[in-house]
Amino acid sequence: MSGEIANALGYAGPLIRVMNSQVAAISSAVLAGIALAAKLRIERAERISAQYRAVEALERFRENYNAMPVGIFTMKHDGTILEYNPTFGVMFSDQGEGVKLGRNFAQLAGAAAMQGFEELTTPDRMMDTELSLDRPDGRRRWFHMRGVRKSDRFEAWIEEITSRKEAEGQLNFLVDHDSLTGLLNRRGFEMHLQAATNTVDEQPACIACVDLDKFKLVNELFGHAAGDQILRQLATRMREVIHPPHVISRVGGDEFVVIVNGLDLVKSEELCHELRRELSDRPYQYQDKVFTVAASVGLIRLRQGMRPADVLTASDRACSEAKRSGSGVVALDSSSSALIGYLDEIKMIAGMKERMPVENFFTQMQPIVSLRDPSKSLCYEVLIRMRDNNGQTLPPSRFIPAAERNGLMTEIDRWVLRSTLEWLDSQPKHRDEIDFCTLNLSGASLNDDRFLQDTIALILEHRESARKVCFEITESVALYDLNTTRRFVDKVKLFGARVALDDFGAGYTSFSYLKELPGDLVKIDGSFIRDVNENPANFAITRAVVELSHELGMACVAEWAENAEIVRSLMQLQVDYGQGYGLSRPLDRERLLAVDNGLALVRDQATIDLLTGKTAATADLRKRTPASRASLPL
């Protein structure tokens with residue numbers, strides 16, 4: 001371009017060539033310088049930006065380091081602290097002089113923590129552990145710590161987990177302790193009981209069951225808040241009397257159990273008397289109300305091999321005896337007939353569960369004799385019987401209450417019903433000859449929906465025999481849940497079975513019971529029948545029940561007809577059936593196959609004469625003794 005300008009001005013060609021080359025060189029140098037300067041400016045700007053970013057990153061790291069909720073620190077291999085963040089400083093601010101650079105970690109966290117660093121950390125493995133420290137105020141602090149070993153130092157972080165450990169401790173405490181009183185619960189009791197049982201041969205141990213009398217009334221009248229307050233006060237009083245190595249536990253609503261370790265029965269009984277006085281002599285207070293609650297204590301000596309359930313059952317029975325007798329404390333040693341009886345019952349129940357019901361049980365029949373036409377009627381009650389391991393027959397009073405207390409009656413009732421129906425099916429001629437056979441139902445069975453389903457299934461499977469079955473339901477059982485009882489009655493009657501209202505008159509609501517549950521039979525309670533001839537009131541009550549039952553279309557059965565004179569009175573009162581030793585004792589069922597009427601089973605000649613009309617039995621009711629006549633409504 002410079003040459004072209006010179007050429008236009010008239011300069012010679014050589015000059016133009018020289019100028020072009022020089023100018024080109026200068027221009028190239030200038031342009032190169034400009035480009036280099038621009039590049040340098042860009043690089044400088046990038047370096048400055050990088051420096052700013054590094055500073056910002058470092059600042060953010062420092063802010064994060066200082067704001068971390070866990071403690072971060074660095075220390076030498078000898079424990080000298082080189083660096084730490086504020087959280088670490090706050091964690092150990094109450095440890096003597098607090099945290100200072102150059103201070104040793106062992107002074108803050110203890111020699112064990114320092115030893116853990118030295119033993120557990122390696123260059124290729126991170127230490128992960130927990131440690132605990134005792135505060136100056138006596139509370140314990142817990143930390144979770146992780147660290148790694150470097151060539152010249154340890155680097156670690158530490159987090160306080162005291163709240164979590166306390167929560168875990170509280171949860172662990174509640175696993176075997178009662179939340180209301182702080183005492184051991186049933187699980188905790190069983191753990192300590194097992195320990196006591198394992199050492200009972202080396203040192204004696206006793207179990208005391210403590211129960212509050214009429215405590216339920218407090219809850220009903222003043223609410224559960226009042227009851228809870230009394231239980232807390234009671235637990236405090238128990239701790240004042242019962243000290244380690246003895247153990248207190250709450251195993252039920254108002255039921256407490258004490259394991260007395262290392263004392264014989266005599267010393268344990270003295271301790272129980274002291275405990276009862278402490279619990280019973282001073283009133284309990286809730287708000288402005290004052291309550292007097294008495295305690296009963298049952299004490300037994302622990303024996304090797306006793307299960308927790310056995311211990312509770314035996315001590316509870318002893319407590320019930322203390323409450324019944326009013327003595328306050330009942331102590332049973334190994335030779336006590338009561339304790340032996342309880343333990344025998346426990347063994348019996350275990351045997352019942354193991355071999356129930358085929359090997360243990362059988363049935364007998366007690367005739368129910370018609371007092372109107374005994375030669376043309378055959379009826380009986382099916383009675384459950386049990387043999388012990390030696391083949392001896394146990395009285396019902398031994399095993400039936402035990403079975404009820406241990407939840408076995410439903411299974412027994414189910415077996416009695418099934419075996420009776422199957423036996424009747426196997427004896428069709430006998431089945432056609434009988435009017436009815438009665439079977440007792442326990443309260444557990446009557447209130448068990450599964451039992452009702454099984455009963456209906458058995459009735460449908462044995463329809464002909466089921467028509468001869470009459471279920472006996474007692475008043476106390478029926479009124480426990482009247483709706484459930486009514487449902488059961490309606491169901492079984494719908495399929496052809498019958499229902500008898502048993503022990504009628506024993507309770508206070510009998511006539512309501514009679515109205516609410518329409519049955520086929522009324523079995524008058526034996527307490528009225530056994531002295532019907534000596535007690536005019538019983539005679540009058542029996543007559544009223546008979547008349548009412550007949551008005552409602554139900555037949556009457558009088559239990560406990562023990563002699564001919566009672567049978568005579570029952571006939572005068574127009575009772576339909578009699579049952580008792582005066583008519584017939586229970587018989588093996590095979591004996592019934594040989595007869596077709598109840599009269600053939602009566603053995604007392606005086607009773608036979610009454611039933612056959614050889615002896616007058618229907619004399620005018622007014623021709624009784626003056627005292628009796630005066631007591632009877634006309």
Side-chain angles (χ1 to χ4, degrees), residues 50-185 187-188 191-192:
Q51 290 174 356
Y52 277 125
R53 288 196 300 271
V55 170
E56 289 176 356
L58 183 61
E59 192 64 31
R60 286 196 302 271
F61 173 79
R62 174 61 60 182
E63 291 176 357
N64 291 336
Y65 180 81
N66 291 334
M68 285 290 287
V70 298
I72 303 174
F73 66 101
T74 304
M75 65 182 178
K76 295 180 180 179
H77 287 164
D78 63 0
T80 303
I81 296 176
L82 299 174
E83 187 178 13
Y84 61 88
N85 70 347
T87 302
F88 182 86
V90 171
M91 282 183 185
F92 297 99
S93 60
D94 60 349
Q95 298 295 109
E97 300 176 2
V99 180
K100 294 180 181 179
L101 295 179
R103 196 171 183 202
N104 197 281
F105 181 72
Q107 296 175 291
L108 299 175
M114 190 64 224
Q115 184 179 358
F117 265 110
E118 294 172 347
E119 294 179 354
L120 300 178
T121 55
T122 63
D124 57 353
R125 185 181 68 182
M126 180 171 287
M127 177 198 69
D128 193 332
T129 188
E130 292 181 356
L131 62 96
S132 63
L133 300 178
D134 291 326
R135 293 176 175 175
D137 61 5
R139 293 185 61 192
R140 173 159 291 193
R141 301 174 69 188
W142 286 89
F143 298 92
H144 178 212
M145 188 166 59
R146 302 185 74 181
V148 65
R149 180 193 293 267
K150 296 296 181 65
S151 60
D152 59 344
R153 65 191 186 279
F154 289 116
E155 293 182 352
W157 65 260
I158 186 169
E159 176 185 14
E160 183 162 2
I161 56 172
T162 302
S163 297
R164 191 190 81 192
K165 296 294 284 190
E166 289 177 348
E168 290 176 354
Q170 181 65 16
L171 289 175
N172 291 333
F173 178 84
L174 291 176
V175 168
D176 50 21
H177 286 77
D178 173 48
S179 60
L180 178 65
T181 63
L183 301 174
L184 290 171
N185 58 19
R187 181 178 183 275
M191 292 170 57
H192 284 270

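The aromatic rings of His144 and Trp157 lie perpendicular to each other, with more than 60° between the two planes, well past the 30° mark.
Within the model, atoms OG1 of Thr87 and CD of Glu160 stand 11.0 Å from one another, a figure rounded to the nearest 0.5 Å. Note that the CG atom of Asn185 and the CE atom of Met191 stand 9.5 Å from one another [nearest 0.5 Å]. Between the CE atom in Met75 and the CD atom in Glu155 there is a gap of 11.0 Å [rounded to 0.5 Å]. Rounded to the nearest 0.5 angstrom, Glu159 CD and Met145 CE are separated by 12.5 Å. Expressed to the nearest 0.5 Å, how far CG of Asn85 lies from CD1 of Ile158 amounts to 11.0 Å.
Between His77 and Arg149, the closest side-chain pair of non-hydrogen atoms falls below 4.5 Å.
When Ile81, Leu82, Asp152 are each tested for a side chain to side chain contact (heavy atoms under 4.5 Å, CB included) with Lys76, only one passes: Leu82.
Minimum heavy-atom separation, Asp78 to Asn104: O-ND2, 2.8 Å. Across Gly147 and Ala156, no two heavy atoms sit closer than the pair CA-CB, 3.7 Å.
In this structure, Phe154 has its ring center at least 6.0 angstrom away from the ring center of Phe105.
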